[in-house]
Amino acid sequence: MKKSALLFILMVITTTFSFAQEKLMTNAYNRASTSLNGYWNYIVDPYENGFYNYRLEPFENQKNPGQGAFFTNSKIKNKLDLIEYDFDKMDSLMVPGDWNTQKEKLFYYEGTVWLKKSFNYEKDKNTNRVFVYFEASNYETDVYLNGKKLGKHIGGFTPFNFEVTHLLKPEDNFLIVKVDNKRKKDAVPTVNTDWWNYGGITRGVKLIETSETFIEDYFIQLDPKNDKRIIGELTLNGESKSQREVQISIPALKLKKKLYTNANGKVSIEINSNKINYWSVENPFLYDVIIKTEEDKITDQIGFRTIKTEGSSILLNGKSIFLKGISIHEESPINGGRGHSKEDAQQLLNWAKDLGCNYVRLAHYPHNEHMVRLADKMGILVWEENPVYWTISWDNEQTFLNAKNQLSEVIDRDKNRASVIIWSMANETPTSNARNIFLTKLANFTKEKDPTRLISAALEQSDYRGNPLIRTIHDSFAEVVDILSFNQYIGWYDGGIEKCITISWNIEHDKPVMISEFGAGAKYGLHGEKDTRWNEEYQAYLYEETLKMIDQIEQLKGVSPWILVDFRSPRRVLPEIQDGWNRKGLMSEKGEKKKAFFVLKNYYDNKRISN
Ligand code: GCB
């Protein structure tokens, strides 16, 4: 075979492989761990000089990468040594954290930054294994420990882990991470979005120590077909994973079950109980579920509920519910920039509660795990979304595998959360055959991976049979979704506010309908006539008229207006009004409530949940 053909095949194998990470361990949130958060030294490397040699060949593909490769963390030892970097003499960045917010010089930077953390580590037990777990890093991440490559991850919002057992030393370990947030046309999301492309190790990093054979993964939920049965499956990882006893107990239900794994280390779970205290908005009850093997033990807090649709109703535990929602971006209301802390999540969800919400749309990508853990505790229902946004490369198989992998990772992380009821495939994607195939494949994958939740996507509306005064959903993906959601901006991108009253709706699907977005920009503190854009009065008036308009939709079962808080977007440059912020928030970035906040709150306070 010609060398170039061989190289090409190798390239394809390695790119494909980059989507197939080491299996993600479930419930990293509650596992015993050692944090690697804190200050990391960093090198900004726009030419990727520490990754490629002068022939633009990756150092890591060379038999002897040489000291110029940044991941070798080389040091000048002799006076003739030629080493043109030194991590330990560099400035540092806080992890977790995006670099744009931390360093003024990096505010607009999109490219490669290398980060290094040195640490000592003593295992509790010699036979134990250790994994390094990243909660998220945006966008492409190459990870090296003590000069050896652990792997690569693509996607900015989902966790990944690598085993480090055989590379770890008691002292002087160095973990080096190359993070590259360059936007790429074939990536997910693509080059064009309406949010800030924050780069860096944006969520926490930790070492997780496990027994040799450990409880790697489990998926435990109420049987969607029988609410007196808890079902699930569990996987062990390790040398002695087969024919092992696994004990599952739920003390509050006085349940204890002994099961045995099969040859692949898997076991199916089925537990019957007619005493289950169902999780709901009013009663967000979480059970401690304890899973034990001879060497390992893990606890999770799991709520049991059913969610399904019937005709145009959404049924939570068999009862019809109206989703009073709000869309949220993952920006820190406390420090600005990408949000990641429990305090950030608590603040955003408190505001949503204050607004009268029982539901949030976490747009436009998976948010940090605190959000769903807190939503579980607070009784807030959640829509989680894959960053398939606007114009993805529908025909590109690698783009599909990337989208599928990101979706798969968020499902793996959150499949045990009762609050999460909807997996959203995409946002405002233009209809075409290639797009329909892409999204349908994603939906089928999701249904198979998680048959306990609903599928949706934020679609677009259009004129009904050419009549611009009647609106409908004309999109073949509407046949695939469980909940028919769409964004609409009548009164903002589509005419003035007085247009709302002239519009009627003819949606022919017998499915629950949700308006996943509507909204208008307003600068907090700017007051004046309600017919003038950017005034708070304009936004409030648009909310009043839109809510009246959409209430005419017979199948309406939920709303998540755009958006809770103003957020940064490089598309929004109008001086004195936007200055780099999308102003459709019901609150300013400082947490000040605009008039429209109270319009929506009033609507929610008067809206019956069950209809
Ligand atoms: C949309 C998008 C959202 C934008 C919003 C806007 O339809 O889904 O990402 O930020 O409109 O403000 O234009």
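Here, residue 1 is the first one in the sequence, and each next residue gets the next number. One-based numbering, in listed order, for ligands and for the atoms of each. What you see is a predicted model, and the numbers here were worked out from it, not measured in a lab.
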At what distance is the nearest protein heavy atom to [atom], and which residue and atom is it?
{"atom": "atom 1 (C) of ligand 1", "value": "E517 OE1, 2.8 Å"}
{"atom": "atom 10 (O) of ligand 1", "value": "D194 OD2, 2.5 Å"}
{"atom": "atom 12 (O) of ligand 1", "value": "K584 NZ, 2.6 Å"}
{"atom": "atom 7 (O) of ligand 1", "value": "E428 OE2, 2.3 Å"}

Would you please indicate yes or no on a ring centroid separation below 6.0 angstrom for F400 and W394?
->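 Between F400 and W394, which both carry aromatic rings, the centre distance is not below 6.0 Å.
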Checking contacts here: is it the side chain or the backbone of [X] that comes within 4.0 Å of ligand 1, counting heavy atoms only? Could be both or neither.
{"X": "W492", "answer": "neither"}
{"X": "N427", "answer": "side chain"}
{"X": "N582", "answer": "side chain"}

Any ion pair linking [Y] and [X] (charged N to carboxylate O, less than 4.0 Å)?
{"X": "K441", "Y": "E397", "answer": "yes"}
{"X": "K511", "Y": "E479", "answer": "no"}
{"X": "R471", "Y": "D494", "answer": "yes"}
{"X": "E110", "Y": "R183", "answer": "yes"}

So if I count the atoms of ligand 1 from 1 in the order they appear, which ones are less than 4.0 Å from some heavy atom of [X]?
{"X": "F567", "answer": "10 (O)"}
{"X": "Y389", "answer": "2 (C), 3 (C), 4 (C), 9 (O)"}
{"X": "N487", "answer": "7 (O), 8 (O)"}

Between E460 and H474, does a side-chain contact (heavy atoms from CB on, under 4.5 Å) hold up when you go through it step by step?
-> CA-CA 8 Å; E460 291 179 318; H474 189 71; over 6 Å; no
Assess the side chains of D566 and N582: does a donor N or O sit below 3.5 Å from an acceptor N or O?
->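 Per modelled atom types, D566 and N582 side chains form no pair under 3.5 Å.
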Judged by modelled atom types alone, do Y489 and E517 share a side-chain donor-acceptor pair under 3.5 Å?
->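 Y489 vs E517: donor-acceptor pair found between side chains.
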Check contact between [X] and ligand 1, using heavy atoms of the residue and a distance below 4.0 angstrom.
{"X": "W195", "answer": "no"}
{"X": "R572", "answer": "yes"}
{"X": "Y493", "answer": "yes"}

Looking at K415, R453, R413, which one forms a salt bridge (charged side-chain N to carboxylate O under 4.0 Å, His left out) with E384?
->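 So the option named by the test is R413.
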Geometric N/O contact H364 with ligand 1, under 3.5 angstrom =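 By distance alone, the answer is yes.
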